[in-house]
Structure formats: C-alpha cells, structure tokens
Amino acid sequence: MAPAPFPKRFDFREAEPRISQRWLDDRVFEAARAPDGSVRDPVRAEAEPFVILIPPPNITGRLHMGHALNDTVQDVLTRFFRMDGRDALWVPGTDHAGIATQTVVKKQLDAEGIDYRELGREKTIERIWEWRNKYGDAIIEQLRKIGCSCDWSRTRFTMDDGLNRAVRRAFVSLYERGLIYRGKRIVNWCPVDRTALSDDEVEKEDEKGKMYHLRYPLESDPNRHLVVATTRPETMFGDVAVAVHPDDDRYRDLVGKNAILPLMNEPIPIIADTHADPEKGTGVVKITPAHDPNDFEVGQRHDLPQVDVMNEDATLNDRVPVAYRGLDRYVARKKLLEQLEEEGLLEKVEDHILAIGRSYRSKVPIEFRLSDQWFVKMEPLARQALEANGYEETEDGWVRKDPSAGVAFHPERFERVYLHWLANIRDWCISRQIWWGHRIPAWHHRETGEILVSEEVPDRVQQEPEAWSQDEDVLDTWFSSWLWPLSVFGWPESTPDLERYYPTSVLSTAKDIIFFWVARMNFAGLAFSERLPYRHVYLHSTIADERGVTMSKSKGNGIDPLTLIEGATLDELKRPVLEARPSNMKELLRRIEKNFPDGFEAVGADAMRWTLVYSITEGEHVRLALSRFLEGRSFVTKLWNGAGRVITALEREPAGGDPAPLTEEDRWLLARLDSTIRDVRSGIDTFDFGRIAHALYPFVWNDFCSWALELSKPRLDGDDDAARRGALRALGSVLADTLRLLHPVVPFVTEELWSRLAPAMNRLGLWLDDVPQADLLAADRMPKPRTAPDPELEARFAILQRFVSAIRQLRAQYRIKDSERITVHFKPLHPAAQPMVEGRQDAVKFLAKLEGVEVVEGRSAGMAVQYDRDFELYLDLGRYIDLNDEVARLDKDIAKTEKEMSAAAAKLDNPNFVNKAPPDKVQQARDKLTEVEQRLKKLRESRAELAEAAGG
RNA sequence: GGGCGGGUAGCUCAGCUGGUUAGAGCGGCGGUCUUACACACCGUAGGUCGCAGGUUCGAAUCCUGUCCUGCCCACCA
C-alpha cells in the first residue's frame, strides 16, 4: 500500500483539536493516582510525583499573553517530567475573583435596568452563579486550545464546596489562634465598588496635583493664624487637631493652645507630634484621623476623636455644614476652596506632584476611610515563613543561615524581594463589602455585639436566630487563593491526594503577584500543614510590546493569544486599541495598518508557544511583537519539512534487511543530539527555558536539517540497501529523540509527526535503542545522552564542514553557479582531513556541487587557494574567472591575517604575559602565532604568483 | 528616599566563574526556482560591548563613580 502523501505544511487548524481530543481520550494527562487513591498507572504510581498548580485565572478573564507565557512554562515542565517518568500532575482551576465578577454581573443587571441592591443579596448571588456557569469556563477552554496538559478531572473553582469549607476552617483556626481580629482602622476604600481594598490592591502613581495652604486662625488671637499645607482640603471638616513638630521653634509657644477650624468654627487643639515634619509644607499639619492613616496614628497617640465626614460613595455626610452635604468629594473641594478664598483663608495654591492611590479595579482614587474590618495578624506568620526559609533574626535583622532551606526562587534575586516584604510585613485587611465571595463565618449579637466565629452555624445562633446576624462581609479573594495548594487536594480533610501530591514541586507565576499570593501561600502552608506548599518558585518576566512597554488592556498594546491561533482581520487587530483609547492610539493604529494591512494569518499554538519560550530571558521584560511569532511559525515549518523528508523515506522503505553500521557523520549527529539533550535537561533544571529553545533551534535547523540530512541524501537516495537503512536508522532515531525533546514546547506538531514516524520505525525495526513505550508522544519517554562528549569527533566533523564552506565561499566569491560542477584540489594538513573528505565523497560532492576532489601535494601555478588550519584547497580559477579578482580577494585576506598575526605576536612580546599567565595559555598563544605566520606566508606567496599569472 | 533589572551589530537578545579573531535569530545586501522546505538554500556586510576611572600580563566579563531606561518598595501632609 502506498503511504499517504506527506502534507506540504502542518495543518494546525485541523490537527490541534484532533490531537487534543486524542490526549483526552487516552487520559494521558491524568495523574497516576485518582483522587480516591486508586491506581490508574501502576508504574508511575510508584514514581516520584511532579506537581504544579495553575495560578487560577479569574473566571471573568480572557487569556492574555501573560497567561500564555506562564501556562506554556508550566506545560513545558509538566510534559517534560511526565515524559521523564515522573508521576506528573498539573491541577487546573479558576478563581471566583470577588470584585471583578460582581462588577461584570452588576453591569449586566444595570443594562437590564435592575439595581442589584434592590435585587438583594441572595438573588444577586444567584445571578452571579448563573453567569459563572455559563461563561466561567471560557478561560479553561482557552487553556486546552494552547495545549495545556492539565489533569482536567481535577479542575477546581475557589467557590466550590470543598474550597469553601477550607476557607471557613482557615478563618476559624486563625481566629482561635488570635491571628484574626476585628478592628476600626483606616482602610483603602473604593467609592465605586464601595468596599475596602487591601494595600496590594491599590496602585500608586505620581500625578500632578495641587498643594493648598490654608489659614487656621488662632483661638486666642483670630487675627493670627497657622498655615497648614494639604492636598486634601475637603477632609478638613474632619480635622480634630493641628500638629507641629515638638522641636520646631517657630510654633513651640502655640502647643497646647487652640486653633479655629475654618467654616466649622470649632476650636481644635494644637499638638506636638513628630509626625509633623518641619521641612515639609509649612511644618504645620492638619490631623484628620478618620481620613488619613498617619493622622489616625497621631490621633491614637493623643487620644483624639475620629470624625468621619464621608459616605460610602465619597460624598460628604451630615457632619459637614449643610451646604456641603451630599456633595462629591471633588465638588466639595472646589466649593470649599472658593469659600475659603472669599474668607481670606486660602493663602496660596502650588502645583504639586503627589502619589495618588487608585483602585486596581475601578481606577478611581481610593479614599482613606475609617471602618470596622477584619484583619490577619501577619507578623507571626511572616516570622514562621522566614524561619522556614533558613533565616534567623539577629541584631542586623534577618539573616539567611541556611540558603538551601525552604522555597528556592528562580531567578534567585527574588529571594531578597521576598525577604524584604516579610521583614516589613503589615496586617492584611481581609474583609470586603461585597456579596460575591466566601462569607465571613462570624455572627454578631444584635444587642450585645458579642461575636461568635464558627465553621458552621453555631448552636446559639440556631437556638435564637433573631438575636444574631451573620457578618455581612465576604473575604478577600486572596483569602481563598492562599489556601489553593491545600484546598485543591481536599484539605481540611485528610485525603489521598493531600498525602501524595502535597507539597507540590514548582509554582510558576508572574512576579507582580509575589506578595499578593506567593508569600501568603507560604504562610498558609506553614500555618495549616506545617510545610511549605512547594519547593521552587519560578517568576517569569512581564510581557512587553516591541517598545518595551508592559502589555496591558488599558494601553491597548496587548497581543491576544487567539489572534495567533485563529488569526485576525485588520479590524480585529485594531479593536483592543480602539477599546482602550490610549493617548498614543493613532500611532498604534498606524503601526498595525503598516505592518499588517491584510490582518494577521494564524500561526498556531505551537508557533506561539515556541516564540514565547524562545523569547524568555532572565531580564525584567519579554519583548514581543506580532511579527516575532512568524519566526516561530518558520521554525515549526522547518521542523515539519525536515521530519517529512525522513518520514517519507522511511515510509517507502521495504521491510527487511540489515542496516549498515553507523557512519562517522551518524556518530557526529548523535553527539550533537547528546549535547542538545544535556542542554535541554540543564535548562529544565535551572529554569532557564530560553536556553532550551536556543539549544534546540540550531540543532534542528543546522545540525539536523542543513548538515545531517543533506549529507545523508546520497545514502537515502542510493541503491545500497544497507547504507540506506543505516542512514534511516540514524536519522529516524535521532528525529524521534528530537521530537521528544521538542514536545514539551511544541506538543501538537511533534505529536503529529510522531504519529507517522513511530509506526514507520516500528515496521522497519530500525530503532537504535528501545522501542517507544507509548503510542502517543505525550506519554513517551525523555531521552538521555547516549555517550560521553567526544570533542575529537566534533573537531573532525568541523573540518568537513569547513571544507564544504570553503568551496561555497569560492563559488559565491567568483559567481560560479551551482550548475557548474567544479573539480577542486585538496591538500590535507590534519590527519583526519583526508579520511573525512574521501570517506564521504558522494556527500561532499553533493553538498558542494563538485565534479571531483583530487588530493595533491601542493598547488599548481595560477590556482586560487583557500587556506584552512587543517587543509588547503586549490581551484584552477583561470578556467572560471579573471585572476585579478582573486588577487584582490587575497589582498583582503592578507590584510585580515596580518592583523591577526600582529595581535598574536603582541601578546607574546609582552614579558608579563609570558611570565605570569598560566603555561598552557602561553603555549596556546605560541601555537596560534606559528599557525598564523605560516598561513600568512602562503597567502603572500600565492598572491605574488597569481599576480604574475594575471599580469602575464 | 531605599532596592532591583537592563544598556553588546539596524531590531530582539546570548556571552559576563576574566584568556583564541565578541556570537545567534530577525532584518539588510548579493546570489540560487539545487528533486524536504522561497515560512527555503548559499554567501556577505555590520559592533570604540552606555560613559569615565581602577584592578590585572590580559576586562564585554571584576571594582568604583556616572548617565540613560524599566520595575518594585516606603508614613512624601
């Protein structure tokens, strides 16, 4: 039966879904043990587990490049270790994303004309669940599309029953240990979402603003006044004091007296506190404990009242003069300033750069607001984490005594970032005033205010339901995320999964999440399991565009992974820019129109993954442009074609007959493969993913395709059955290992090629070593180096490569077309030169398009020369070109060699070098000089001779 | 204010435990429809390694200072 034709290109659109389905059908991504502990794969069930948990993407999210990068990295690791025999498990899941999700559904309700507050808590939550059940798995689908090898049977959601249970257990446990408390504190308040935010949810950026200098008259002498500087004049209604520095002589006599709060006409004390900085502003600062975290502390120290002047939505409340009530904070500010101006109490206004905190979600400036919130006391948890990572507290702070202990960060430098945060930790506000999330398991007595905290509804509440009400707040989303490594495996139950797969192996994530999530997971691991949740943390760089600007939705400069997989029209390419409306919108649009006037043709998941991995460096950014993905596509195509050449040869080879032994070039290819295997393994071990791709690329493109494949063509196309089978055995086996090495990065195309390569190799029985252990490449093994490195073999082969290159250079130099077969004369200098060239005459003739090679003692007059360390090459140029051209070329060559020689000589002229450098380096330099001198001499001789021949 | 990353060919980056002539990919240029691949093949040009000092026989690589750039942290009223 004739084999099926080999397609010209990899049809990823057709193949990707088909292959995905095949992986699912064969359940290759499932761990060796099922969650109930039963064994699915007896061999792997005894192997060491390799476990990764996905950082659960938000259910509201769509896959962006950051996910694509992170999930590709995780897939590379998971697939690699699965193939390397480990019991690999990658647990997928999603995050309920409290505020984000509620906002999405709120918008939906708004569109329907429904006010969610009127709809009520229960109905709103129902609507959110409906939304989540309909759209919440979209991102999971996208993960499948890019080839992620997650164990989908273990998919989790942070609001699942089990995870909810874990959250309640964690809360109660910490509460009982005194690590959760409730208190009135200044929190970051988002007036749009009307909820508290943790410090980490606030983005601070310098913005242009104003500094207002306000006059506060003295009670004792209303004609005199103190000038306070503020950027938030509208909070003055909540002022309860003004403070000066205790050592500030300008104001010393006023301390203890009163100032009059303008507009309110209330006396407020003038106090001395070190918070007031004499260098800043006027040295006098207004104290507003309910609206500023520092003032709050000053207030505590001086036992001052806290006057909250705002409502939840940042409008002014009834504590302010009637005219201001209900006004938005910024409207009130304007009005207030006008009034102060009129009353002569506004001394001056200056431009001022200030850091404004904005909600990471609504982007609106946060308000500092005094309210009752729940907090986790972080210091004891941080201390535990520091100790677990080998730190001890000394007089100089925390010092790492055992660098191998605890979690290893990659790149290493993030260890210090982590340390710094832990050593300066602040308490974590965990309550949020929204509905979508894990409700706080606390009940308040309506009259006494007593608080009961319990995993389930407490008996006393059940007995007297009217007397109690459950806390209205829900927990910060991260309060469920930090339990992820435990909760996905069923904690607090003691489950087989927890026993076998916890702690996990590697956590891979973006570095901006190190505080939000990584550190807190460590805390939770130690607090609830007494173990850290993973051994390694890999932090990938952030994705930036071609200009080095971080990709983000709001900047409109992102690349949608689906564009790469499905393609995009010009309009589709422009859409994110038009939606974001950034300030450089026109420029971005112009760039797109110029580069992709006809849209962007899909390149497929493999090309995307390849480009991502190839682009990874340890730097701050991974810079990507859409065009970079075309390079990935080229690589996939190259692999496809090179593999296709071997596969088609295998498929038309009749079965039976022994292969010839390995040739020198076969052994060279195997040596190059070994070296690539070492690089890939080392890249995995050191989390240097870029290195993996950078090792594979030249191996596939140069070593395999350009040299091995080309060299073997005479054997492949010849009539010598044994030689042909020998070549097929070597090429087929190396290709198989190459596909294995590539598979973690480009799973689809390798799986597709495997499906034709493996059966053909099996049929012919040409495997160099063991037959594959699986039908699917994804379940096969990862190769190990076969032999020790052999530098001499590589050196011998390099002579052959240089020999061919030398002829190609001559051809290019003199425009001798490939169709003109030439005969070269060859004088070997290195003992291996002659056998290398003569041993594969056919191949060399094919590569260099030669008529023949003649070994000679020396050159004849009038012949062009290529000098190499290990051979000389002569060509009777007169037959092909004007000799004057060759003289000119030699002049250039001589100049270059002269430079080389003087550099080498200068080194040896330096007595310091000769005396102080290690002897082997000196000898090396001497050998080098001798070699260059001889080469130069010959160049000069042949130049003189040729010049004569040309002239005569 | 403190800390971190980066500044090497037109672009994106390797190299940086100091030692032959600083590399790759893309792009450029010239050539080739050579029977796997024009998403290819062959050849080729292009760099005072941010700047200034220092250590050394020898510095892209180590040290000091400095400039540019990106990021993180911190109580800038």
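First the proteins, then the strands, lettered A, B, ... as listed; each starts at 1. The structure displayed is predicted, hence computed values, not measured ones.
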Below 3.5 Å is the cut-off: list the nitrogen or oxygen pairs between protein and nucleotides 29-34 of chain B, distance only.
unit_1 : atom_1 : unit_2   : atom_2 : d
B/G30  : O2'    : A/Arg815 : NH2    : 3.2

Does a nitrogen or oxygen in the side chain of A/Gln809 sit under 4.0 Å from OP1 or OP2 of B/U44? yes
C1' gap between B/U61 and B/G54, integer Å: 15 Å
To the nearest angstrom, how far is A/Asn424 atom CG from B/G1 atom C1'? 14 Å
Sequence neighbours excluded, which residues qualify as side-chain contact (heavy atoms from CB on, under 4.5 Å) partners of A/Arg358? A/Glu207, A/Ile356, A/Pro365
Nearest-nucleotide check on RNA chain B, A/His694 vs A/Thr231; residue mapping nearer the 5' end is A/His694
Using the side-chain hydrogen bond (donor to acceptor under 3.5 Å, both in side chains) rule, pick out the option among A/Arg329, A/Lys286, A/His291 that qualifies with A/Thr235. A/Lys286
Between A/Arg623 and A/Lys286, the residue closer to the 5' end of RNA chain B by nearest nucleotide is A/Arg623
Quick one, A/Pro233 and A/Leu337 - any side-chain contact, counting heavy atoms below 4.5 Å? yes
B/C72 phosphate, OP1 or OP2, under 4.0 Å from A/Trp421 side-chain N/O: no
Restricting to salt bridge (Lys or Arg N to Asp or Glu O under 4.0 Å), what partner residues turn up for A/Arg426, sequence neighbours left out? A/Asp199
Rounded to the nearest angstrom, tell me the gap between atom CZ in A/Arg652 and atom P in B/A36. 9 Å
Could you pull out all residues at least two apart from A/Arg185 that satisfy salt bridge (Lys or Arg N to Asp or Glu O under 4.0 Å)? none
Would you indicate what A/Arg426 reaches in the nucleic acid, counting non-hydrogen atoms under 4.0 angstrom: base, sugar-phosphate, or nothing? sugar-phosphate
Out of B/A14, B/C41, B/A77, minimum distance to the side chain of A/Lys638 belongs to B/C41
Could you tell me how far B/A77 sits from B/C71 if I compare only their C1' atoms? Round to whole Å. 27 Å
Looking across every strand, which nucleic acid part, if any, lies under 4.0 Å from A/Gly644 by heavy atom: base, sugar-phosphate, or nothing? nothing
Is the phosphate of B/C37, meaning OP1 or OP2, less than 4.0 Å from a side-chain N or O of A/Lys8? yes
Expressed in whole Å, how much space separates the C1' atoms belonging to B/A14 and B/A60? 12 Å
In whole angstrom, what separates A/Arg691's CZ from B/A24's P? 18 Å
Between C1' on B/A77 and CD1 on A/Ile271, what's the gap in Å once rounded to a whole number? 13 Å
Just to be sure I understand the rule, does A/Phe635 reach a base, reach only the sugar-phosphate, or reach nothing, if contact means heavy atoms closer than 4.0 Å? nothing
Determine the interatomic distance between P on B/G58 and the same-named atom on B/G15; round to the nearest Å. 26 Å
Using Watson-Crick or G-U wobble geometry with both distances below 3.5 Å, tell me the partner of B/C51, or none. B/G65
A/Leu626 atom CG is separated from B/C39 atom P, nearest whole Å, by 17 Å
Which heavy-atom pair separates A/Pro714 from A/Ala843 by the least distance, and what is that distance? CG-CA, 3.7 Å
If you compare every side-chain N and O of A/Arg633 against the phosphate oxygens of B/C39 (OP1, OP2), does one of them come in below 4.0 Å? no
Using atom CG of A/Asp545 as one end and atom P of B/G70 as the other, report the distance to the nearest whole Å. 13 Å
Under 4.0 Å between a side-chain N/O of A/Ser634 and OP1 or OP2 of B/A40, yes or no? yes
Would you mind classifying the nucleic acid contact of A/Thr637 as base, sugar-phosphate or nothing, using non-hydrogen atoms under 4.0 angstrom? base
Holding to side-chain contact (heavy atoms from CB on, under 4.5 Å), I want the full list of residues that pass it with A/Asp688, two or more places apart in sequence or in another chain. A/Thr686, A/Arg691
Think A/Ser615 has a side-chain N or O under 4.0 angstrom from the OP1 or OP2 of B/U12? no
Hits for salt bridge (Lys or Arg N to Asp or Glu O under 4.0 Å) against A/Arg821, two or more places apart or cross-chain, chain-then-number order -> none
Tell me whether A/Lys849 forms a cation-pi arrangement with A/Phe846, defined as NZ or CZ under 6.0 Å from the six-membered ring centre and within 45 degrees of its axis. yes
Quick check for you: among B/C13, B/C75, B/C42, whose closest atom lies nearest to any side-chain atom of A/Asn294? B/C75
For A/Val646, enumerate each residue passing the side-chain contact (heavy atoms from CB on, under 4.5 Å) test, keeping only those at least two apart in sequence or located in another chain. A/Leu650, A/Phe704, A/Leu709, A/Leu731, A/Leu735
Sorted by chain and number, sequence neighbours left out, salt bridge (Lys or Arg N to Asp or Glu O under 4.0 Å) with A/Arg724 holds for A/Glu653, A/Asp721
Considering only the C1' atoms, how many Å lie between B/G27 and B/G18, rounded to the nearest integer? 33 Å
Would you indicate whether the side-chain heavy atoms of A/His410 and A/Leu539 approach each other to under 4.5 Å? no
Length of the CE-P vector between A/Met236 and B/A77, whole Å: 18 Å
If you look only at pairs with a residue in residues 631-647 of chain A, which of them pass as a salt bridge (charged side-chain N to carboxylate O under 4.0 Å, His left out), with sequence neighbours excluded? A/Arg628-A/Glu631, A/Arg645-A/Asp717
Dump the pairs, protein N or O against N or O of nucleotides 4-8 of chain B, anything under 3.5 Å, distances to one decimal.
unit_1 : atom_1 : unit_2   : atom_2 : d
B/C4   : OP1    : A/Arg416 : NH1    : 3.3
B/G5   : O2'    : A/Glu620 : N      : 3.4

Watson-Crick or G-U wobble mate for B/C57, both contacts under 3.5 Å: B/G19
Interatomic distance at P, B/G70 relative to B/G31, whole Å: 43 Å
Any residue in residues 702-714 of chain A with a heavy atom nearer than 4.0 angstrom to RNA chain B? Just list them by number, or reply none. A/Cys705, A/Leu709, A/Glu710, A/Lys713
Can you tell which of B/G25, B/C73, B/C71 lies closest to the side chain of A/Thr550? B/C71
Check whether NZ of the Lys or CZ of the Arg A/Arg802 lies under 6.0 Å from the centre of the six-membered ring of A/Trp707 and within 45 degrees of that ring's axis. no
Tell me: NZ of A/Lys210 to P of B/C76, nearest whole Å? 21 Å
If you only use heavy atoms from C-beta on, which nucleotide in B/G25, B/A14, B/C37 is closest to the side chain of A/Thr617? B/A14
Identify whether any heavy atom of A/Ala643 sits under 4.0 Å from a base atom; if not, whether one sits that close to sugar-phosphate; answer base, sugar-phosphate or nothing. nothing
Paired with B/U34 by Watson-Crick or G-U wobble geometry, both distances under 3.5 Å: which nucleotide is it? none
Look at the side chain of A/His275 and decide which nucleotide, out of B/C73, B/A36, B/A77, has an atom nearest to it. B/A77
Which whole number of Å gives the distance between the C1' atom of B/C68 and that of B/C51? 10 Å
Could you tell me how far B/C11 sits from B/G28 if I compare only their C1' atoms? Round to whole Å. 11 Å
With sequence neighbours excluded, what pairs up with A/Asn595 under the side-chain contact (heavy atoms from CB on, under 4.5 Å) test? A/Arg591
